[in-house]
Structure formats: structure tokens, C-alpha cells
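Presented below is the structure to which this report refers.
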Amino acid sequence: NDVLVYGDKIYIAGSDESTVFVLNAKTFKLIEKINTVEEMGSTEGVNPRHLIAYGKKVYVSTYDGYVCALDTFSLEIDNKYKVGSYPEGMAISETTATDVSLYVANSDYGNGDGSISKINLTTGSVTEIKIDKIRYPQQLAVVEDDIYVLDWGYFDENWLQKDAGVYKI
């Protein structure tokens, strides 16, 4: 579902396999298969979706409402965070070296009640941000102090997409 090159490794989120594949970036040889269900739990680790890296970690969103932190040296999951419904894309905001946040787009699987989770990577606290216009967020981008959300809006009774767009929050 997603791919990330970070350092000398390639990370691939295998959603249907509930596995993060780790390859050598130069040789493309498999280094490790990390089964997220085995590592995180039978519900928490289902369907890894998106990847983002910061520091010495790769963060992985999983469809049952979790984000895990994968240590890039040991290739072990060393933390997990409960976020909103059906998390997708993520973005990092580094205000200072001690104020780093991971924002997560919680799509709610298109049911119209999407949100943004903010994980303070320094303290580990998670807060949920609800904005009326944000219904089906898919991806995020951080530029300085601004967060941009790609939102797929909603689908009317005829399955026509409405209110999709990019919103600044």
C-alpha cells in the first residue's frame, strides 16, 4: 500500500499481508518481514497502510486505529499509539527539537466522521482534532506552522463526490 526509502533500507507496507517488508536499498534483498498482527496484536496490527520516517523510527498506520513506531536499527516495534478510525497518511511537524508531533489522517473509511490525530512524539500523548469540513481525510502535509489536509469529502446518494479538496488547518 505504501513504500518509503529511509537510510539504507526500503520499507513496504503490505496491507493485505499485515506485514512491513524491509529491503536493502542497494541490493533490493529482503532483510526482514515484520508481521504487524504478531507484533502489535490481533486487531491493532491489521492492514498496515502508510509509512513516514523521523529520527530513528518508521511510523506505520494500521487500519484498526493504531500507529506503531518501528525502530530502524533493531527492526522491532517499540511503541504503538491509539488514533482515530481508519488512519491513512501522516506528516511530521518539528517546532523545536523537543516539540515534535506526528499528525495522522483518520479517514473513517469514508463514513463521514474523519478526524486528525496529533501524537506528541516527545510525551506520547494523543489528541484528536475534529473539524466540520474534514470528513474523509487521506493525506497530510506540514509547511512551517501550517497543516494541509487532502480530504475526499463525501459521496451523495448517487455516489457523486462532494466537498473534496485541500484544507489548511
Side-chain angles (χ1 to χ4, degrees), residues 1-94 100-111 114-122 124 126 128-129 134-143 147-153 161 164 166-167:
N1 200 65
D2 199 8
V3 64
L4 171 73
V5 177
Y6 190 61
D8 60 354
K9 296 178 182 90
I10 300 171
Y11 300 84
I12 301 168
S15 192
D16 290 342
E17 297 88 356
S18 291
T19 300
V20 175
F21 300 91
V22 184
L23 289 75
N24 181 295
K26 291 185 182 189
T27 66
F28 297 108
K29 296 212 185 267
L30 182 67
I31 296 171
E32 189 73 55
K33 288 183 189 179
I34 302 161
N35 185 300
T36 51
V37 169
E38 290 174 8
E39 296 295 321
M40 295 175 64
S42 60
T43 58
E44 295 96 333
V46 174
N47 298 103
R49 301 287 295 164
H50 291 275
L51 308 162
I52 191 167
Y54 177 79
K56 297 178 181 176
K57 310 276 187 214
V58 169
Y59 295 91
V60 183
S61 64
T62 64
Y63 242 19
D64 264 0
Y66 285 85
V67 170
C68 71
L70 172 65
D71 183 281
T72 59
F73 180 74
S74 68
L75 298 180
E76 294 180 1
I77 294 171
D78 63 10
N79 210 340
K80 65 182 174 184
Y81 308 92
K82 178 70 177 133
V83 294
S85 176
Y86 293 94
E88 297 279 1
M90 298 173 283
I92 296 282
S93 172
E94 182 179 22
V100 180
S101 296
L102 173 63
Y103 290 90
V104 183
N106 303 307
S107 72
D108 192 40
Y109 205 67
N111 292 316
S115 66
I116 308 298
S117 290
K118 177 184 179 182
I119 304 170
N120 181 312
L121 295 179
T122 306
V126 180
E128 188 171 18
I129 301 165
I134 307 296
R135 296 173 142 200
Y136 194 179
Q138 290 296 306
Q139 193 53 271
L140 303 162
V142 174
V143 179
I147 302 166
Y148 296 89
V149 180
L150 172 63
D151 187 78
W152 287 1
Q161 191 175 22
V166 175
Y167 298 97

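For clarity, every value in this text was computed on a predicted model and none was experimentally measured.
A donor-acceptor contact closer than 3.5 angstrom is absent between the side chains of S117 and E128. A donor atom on one side chain and an acceptor atom on the other are not found under 3.5 Å apart for Q139 and Y148. Residues S85 and D108 have side chains that bring a donor and an acceptor to within less than 3.5 angstrom of each other. The closest side-chain donor-acceptor pair between S115 and N106 falls under 3.5 angstrom.
Contact record, N35 with E38: OD1-N, 2.9 Å, taken as the closest heavy-atom pair. In this structure, Y11 and L51 approach most closely via the heavy-atom pair O-CD1, 3.3 Å. Taking every heavy atom of both residues into account, V142 and S93 meet most closely at CG1-CB, 4.0 Å. The two residues T36 and T19 make their nearest non-hydrogen contact at OG1-N, 4.1 Å. Q138 approaches A105 most closely through the heavy-atom pair C-CB, 3.9 Å. P48 approaches S18 most closely through the heavy-atom pair CD-CA, 3.4 Å.
Among V58, V22, I52, the single residue meeting the side chain to side chain contact (heavy atoms under 4.5 Å, CB included) criterion with Y6 is V58.
Residues V37 and V46 form a side-chain contact, since some pair of their non-hydrogen atoms from C-beta on lies under 4.5 Å apart. Counting only heavy atoms from C-beta outward, the side chains of V100 and I92 approach each other to under 4.5 Å. Taking 4.5 Å as the limit, some side-chain heavy atom of M90 sits within range of a side-chain heavy atom of V67. With a 4.5 Å cut-off on side-chain heavy atoms, Y103 and I129 count as touching. Here the side chains of R49 and Y63 are in contact, with some heavy-atom distance below 4.5 Å.
Here the OG-CG distance, from S101 to L121, works out to 6.5 Å after rounding to the nearest 0.5 Å. For the atom pair I12 CD1 and I34 CD1, the distance stands at 11.5 Å (nearest 0.5 Å). For the atom pair D78 CG and D71 CG, the distance stands at 5.5 Å (nearest 0.5 Å).
Looking at N1, its side chain never comes within 3.5 Å of a backbone N or O of G14 through a donor-acceptor pair. Put simply, the side chain of K80 gets close to the backbone of M40: a donor and an acceptor are under 3.5 Å apart. For the pair T62 (side chain) and E44 (backbone), a donor-acceptor distance under 3.5 Å is present. A donor-acceptor pair under 3.5 Å is formed between the side chain of S61 and the backbone N or O of H50.
The cationic group of K56 does not satisfy the cation-pi geometry with F73, failing either the under 6.0 Å distance to the six-membered ring centre or the 45° limit from the ring axis.
Around the NZ atom of K33, the shell of radius 6.0 Å holds no more than 12 heavy atoms that belong to other residues, nucleotides or ligands. Counting non-hydrogen atoms of neighbouring residues, nucleotides and ligands closer than 6.0 angstrom, the NZ atom of K118 reaches no more than 12 such neighbours. Heavy-atom neighbours of Y109 OH from other residues, nucleotides or ligands within 6.0 Å: at or below the threshold of 12.
At a threshold of 4.0 Å, the pair K26-D8 does not count as salt-bridged, since none of the basic side-chain nitrogens sits closer than that to a carboxylate oxygen.
Between W152 and Y136, the two ring planes are perpendicular [angle over 60°; tilted spans 30° to 60°].
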